[in-house]
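Presented below is the structure to which this report refers.
The figures that follow rest on heavy atoms only: side chains count, while hydrogens, waters and symmetry mates do not. Atoms within a ligand are numbered from 1 in the order they appear, just like the ligands themselves.
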Amino acid sequence: MRLIILGPPGSGKGVQSKRIGEHFGIVQISTGDSLRQAVADGAELGRQAKDYMDKGLLVPDDLMVQLVMDRLGQGDARAGFILDGFPRTISQAEMLNDLLQKEDKALDAVVELKVRDGVVVSRLSNRRLCSQCGADYNLVTKPPKTEGVCDRCQGRLIQREDDSEKTILHRLEVYHRQTEPLEAYYSGKGTLLTFDAERGVEDVSAAIVEALESGTGR
Ligand code: AP5
């Protein structure tokens, strides 16, 4: 199964793509995670991407296309994948289309998560992550037992550089301008499945799995 998950920042792409990937036994490929890893490793890609990411801007298409082509060429992506955070522009979508066509493959579905901007701001400005194990907390809906400390491994909780309110608003503006046009692009191809992602995590996953298993998405 080959899937894309699409949605604004904070819509739950990361959470849902991990769950769907596990359910269908396909690899989750997150361009945001790959970029953050490249920054942490001090890699050349990370050096080139960091400034864009910190400002809430999109990293240039040429860097992203190379990253995704390399990743999709790895063995674990042959059996299927769910792409989280790619494509984010029409030109990235066209590149992916060309790549899949060359290999005589097609997307099974594009899963779109719908969340209002106000919900995004609340989710992301209250998000904290463990610096050691990556566990995810929310100061309002899922606070740690001890402030600033991970319940699981006692690691220090940190805020993502791009989760300040100002940068969240900028990321949303970039999403509406550069990524939202993909909704019409994939709708025109008949592959778009849209879900209300303001419901609880499990309800959203169940709705996606049901739609994919019932063949609503080819
Ligand atoms: P990326 O890491 O992809 O960030 P993003 O799209 O801004 O999304 P987030 O990771 O913040 O949110 P998400 O939708 O994955 O939600 P999550 O599951 O984490 O990209 C970062 C940057 O990298 C970009 O700004 C750009 O600079 C660059 N980049 C990446 N890909 C690129 C590309 N293709 N082209 C160019 N540049 C690129 O959930 C968010 C929070 O909400 C969590 O705390 C979670 O627990 C909570 N939550 C999730 N679902 C629910 C729910 N149903 N109810 C309540 N809480 C929920």
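- With a 4.0 Å heavy-atom cut-off, ligand 1 is reached by the side chain of R160 but not by its N, CA, C or O.
- In this structure, R36 is part of the shell of residues with a heavy atom less than 4.0 angstrom from ligand 1.
- Checked by distance only, ligand 1 and K13 come closer than 3.5 Å through their nitrogen or oxygen atoms.
- Close approach of ligand 1 to G200 is summarised as follows: ligand atoms under 4.0 Å from at least one heavy atom of the residue are 53 (N).
- Q16 contributes a side-chain N or O that, together with a main-chain N or O of V201, makes up a donor-acceptor pair within less than 3.5 Å.
- Within the 4.0 Å heavy-atom shell around ligand 1 one does not find P60.
- Residue contacts with ligand 1 do not include G7, since none of its heavy atoms lies under 4.0 Å from the ligand.
- Applying the 4.0 Å criterion to heavy atoms of G85 picks out, from ligand 1, the atoms 31 (N), 32 (C), 33 (C), 34 (N).
- Listed by atom number, the atoms of ligand 1 under 4.0 Å from A197 heavy atoms are 53 (N).
- Close N/O approach between V204 and ligand 1 is not found [any backbone or side-chain N/O within under 3.5 Å].
- Which parts of ligand 1 touch V201 is read off a 4.0 Å heavy-atom cut-off, strictly below it: atoms 50 (N), 51 (C), 52 (C), 53 (N).
- Salt bridge annotation for R47-E44: present, with a cationic side-chain nitrogen under 4.0 angstrom from a carboxylate oxygen.
- The contact set between ligand 1 and L57, taken as ligand atoms under 4.0 Å from a residue heavy atom, comprises 26 (C), 27 (O).
- Remark: ligand 1 and Y137 share no N or O pair separated by less than 3.5 Å (distance only, no angle test).
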Review point. Is there a side chain to side chain donor-acceptor pair (under 3.5 Å) between T89 and Q178 once you walk through the steps?
Key: CA-CA 6 Å; T89 61; Q178 292 185 266; over 6 Å; no
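- Within the listing of ligand 1, atoms 14 (O), 16 (O) sit less than 4.0 angstrom from a heavy atom of S11.
- With ligand atoms numbered from 1 in the order given, ligand 1 contributes 30 (C), 31 (N), 32 (C), 34 (N) to contacts under 4.0 Å with heavy atoms of T31.
- At least one heavy atom of R199 sits closer than 4.0 Å to an atom of ligand 1.
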